[in-house]
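Because the structure is a prediction, the values reported are computed rather than measured. In what follows, chains are A, B, ... by sequence order, proteins preceding strands, each numbered from 1.
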Amino acid sequence: MEKDSQVLSGADIFFECLKREKVEYIFGYPGGAVLKLYEHLYDVDFLKHILVRHEQGAVHMAEGYAKASGKVGVVLVTSGPGATNTVTGIADAYMDSVPIVVFTGQVPSHLIGNDAFQEADIVGITRPITKHNFLVRNINELALTIRKAFFIAATGRPGPVVVDLPKDVINSKTKFEYPVDVDLRGYKPIYKGHTNQIKKAAEIISKSKRPLLYVGGGVIMSGGTNELALLARENKFPVTMTLQGLGAFPGTDDLSLGMLGMHGTYWANQAVNNCDLLISLGARFDDRVTGRLDTFATKAFKIHVDIDPTCIDKNVIVDLPIVGDVKHIMAEIAAELNSPPDTNEWLAQIKEWKKECPMHYDNDGRLRTEFVIEKISEKTKGNAVVVTDVGQHQMWTAQYFKYNYPRSNITSGGLGTMGFSVPAAIGASFAVQDRPIISISGDGGFQMNMQELITASYNKVPVKFFIINNSFLGMVRQWQELFHAEKYSFTDLRASNPDFMKVGEAFNIESYSTENPNEVDSLLDKAFSINDRPVLIEFKVVKEDMVFPMVPSGGSISDMIVKRLNPKRMT
Amino acid sequence: MKHTISILVENHFGAFDRVATMFSGKGFNIRSISIGETEIEEISRMTIVTEGDDQIIDQVVKQLNRLIDTIKVVDLSDVPRIERELALIKVTMNKGSMEEIKNINDIFRGNIVDITNKTMTLEITGPPDKVDAAINVLSPFGIKELARSGVVAIKRGEQSKIVKKQNLS
Ligand SMILES: Cc1ncc(C[n+]2csc(CCOP(=O)(O)OP(=O)(O)O)c2C)c(N)n1
């Protein structure tokens, strides 16, 4: 290309590299240490910079963009406070394996360690929450470092990478050479599954009577949803999904048992408890999934397919590990599987469990989250990008929204970051144009990044911001009622919530509010008819509802609470 | 059980810290750590003695492998190996105990590297259990100061080439 072998400034090299990484969007916020980059950005036309209102918002936007598109999300912030504001987002991306690259400005090299103005050791701070990070100490390393950062973020088990850019590095000049190939001798992700292990897996599967596919976010990241559908449908294997796995297999399919774990369906958890073969695909046996370890899937032979060897035998000792790309391994297992087991009896048993304890919510004329989510699911036919925040509404969405497509479920699972939904949905909207983008937040979490509403309205992104307002920090309130003597300590927002209609108005967003179930249909129709700008709807729902079923933290499936014994009413 | 893990790491900015941070962040134990050069300029060897059951050690090795800056990770406890440690032991001494301390030093084939009216400093080298034994025998005299190098270790027999990380499956 034209600029190769020319002498360029660090800033020029930076943008030249981003161009070759095919970066379309940067989510960022300027400041002293990155002024030179912003000076160049002014004239850059191959990508769009989205100005956020808080750097945490930038990282969640990059995550939303990455999760919706499968591409690497990019963030640019200044040194010191700009950098430290990204920490929560980076930790979030690390826990949920989201490929992002965060560029942070840094004070000039000679001032590093001096407690210089706006200096923070962001490489030190983010070391345990990044897949890898770099301090670029010399302009000659700049291009190669950026290349490595994108490569590391996107390959193997994806994750966040931080690149710290001292001001002098950006300002100095060197001959630009773009490194097409990267070879990191310490980083060789394993993609190809071990042939013998795959053969063995197929053998064991054919001999099983009660197999269960336990599917995590890895299947979506690997692009393996077709392979999964084939494996499940050809052989009639039931499928249960983790929070991050939702969307990997159609929620409306008869073979889908929905989510498992703490707030999973009764029948999915019974299936885990009674299966004789558990096939974990791109999932990591998280404690929210397993509950008490010594009672988890005790009757099952366990096969674990994952690209990250550290996931294997970390929480649960498995019988047959296969390290590699789950997409290809599923295809290979399916190909090896000549005589699949007869699962009819097993599926009939699961159906019995489903009848025994179906999903259920009260219908007394008051507005409930479950109802709202069901309506959204019906209206979109599961074909929307749904970005939830953290709390009860998140679990209800996981239970009641029938995700029918991959990359349609975006949520903060591992870290459980309140304030995720608003910015992540904005980020997703830059990646997806053919499906509605729906942000669902609780009244608590909505307030944690609502400054980004102006980013949404200024950029006219067609995000539907739905606030599920129960006037409480609902999920915490639920634990207080169940496990903390009903001391509703600092979770009651009834007297201290803002007027969300005025909030919407202040941020220049058309806003509606309802507490009437009969208005939900028409309001949703209204929201889905607006496609050139954001819209906000507040659903004022019942305050005291709890998410069921629930396996108490650290409990076993047999401790599952399926419904509330003494319903209370908070007025 | 104690395990001696040998790690070849890139001599990069922050690489040692990455290894140490991983141990503390994951709640793994470091009994001793030593870092030094290798035959290849841009590669260092870290030798870490850690403790844990099989599942923990399995995780330690995998987590170390996962770090981008580590090139090769070997649990030397599984293979024939040579382990050495050096200790500098400053022992309280008076006229009466001088001979006895000298004898102990001879038994452990140590060196007397410093002497004052009140102290004698011994240099003891050997496998860590030998160093432990020397310290044990010397403690009744009163140990004023102790510095241990941490274990360095190497596999017996022909050298294995530094190529890439072990594949785990
Ligand atoms: C940043 C952050 N702080 C605190 C928590 C702890 N927490 C988990 S759920 C929850 C309540 C969320 O309330 P709200 O946003 O109103 O949603 P709801 O549960 O009512 O649906 C809290 C405080 C968290 N997950 N994240």
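- With values rounded to the nearest 0.5 angstrom, A:K188 atom NZ is found 13.0 Å from B:N65 atom CG.
- Heavy-atom proximity under 4.5 angstrom to chain A picks out B:D17, B:R18, B:T21 from residues 16-36 of chain B.
- Side-chain contact between B:D69 and A:H132: present, with at least one pair of heavy atoms (C-beta onward) separated by less than 4.5 Å.
- Heavy atoms of other residues, nucleotides or ligands lying less than 6.0 angstrom from CD of B:E42 number more than 12.
- The shortest non-hydrogen separation linking B:Q59 to A:T310 is NE2-O, 2.7 Å.
- With rounding to the nearest 0.5 Å, the separation of CZ in A:R137 from NE2 in B:H12 is 10.0 Å.
- Annotation: the span from B:D58 atom CG to A:I317 atom CD1 amounts to 7.5 Å, rounded to 0.5 Å.
- Within 6.0 Å of atom NZ in B:K102, 12 or fewer heavy atoms from other residues, nucleotides or ligands are found, so the atom counts as exposed in its surroundings.
- Environment of CG in B:D53: crowded, with over 12 heavy atoms of neighbouring residues, nucleotides or ligands closer than 6.0 Å.
- Within 6.0 Å of atom NZ in A:K192, more than 12 heavy atoms from other residues, nucleotides or ligands are found, so the atom counts as buried in its surroundings.
- Within 6.0 Å of CG in B:D54 there are 12 or fewer heavy atoms belonging to other residues, nucleotides or ligands.
- Residues satisfying the salt bridge (charged side-chain N to carboxylate O under 4.0 Å, His left out) test with B:R148, not counting sequence neighbours, are B:E85, B:D132.
- Heavy atoms of A:I312 lying under 4.5 Å from chain B belong to its backbone as well as its side chain.
- Against chain A, no residue from residues 117-125 of chain B qualifies, as none has a non-hydrogen atom under 4.5 angstrom away.
- Shortest non-hydrogen contact noted between B:R66 and A:D308 is NH1-OD2, 2.6 Å.
- Counting heavy atoms of neighbouring residues, nucleotides and ligands inside a 6.0 Å radius, atom NZ of A:K302 exceeds 12 of them.
- A distance of 10.5 Å separates CG of A:L184 from CD1 of B:I71, quoted to the nearest 0.5 Å.
- For a residue to count as touching a neighbouring chain, one of its non-hydrogen atoms must lie under 4.5 Å from one of that chain's; by this rule A:N133 touches chain B with backbone and side chain alike.
- Contacts between residues 144-160 of chain A and chain B, counted as heavy-atom pairs separated by less than 4.5 Å, involve A:I152, A:R157.
- Contact annotation for B:Q55: only side-chain heavy atoms (C-beta onward) come within less than 4.5 Å of a heavy atom of chain A.
- Using a 4.5 Å heavy-atom threshold, the side chains of A:R185 and B:L8 count as separate.
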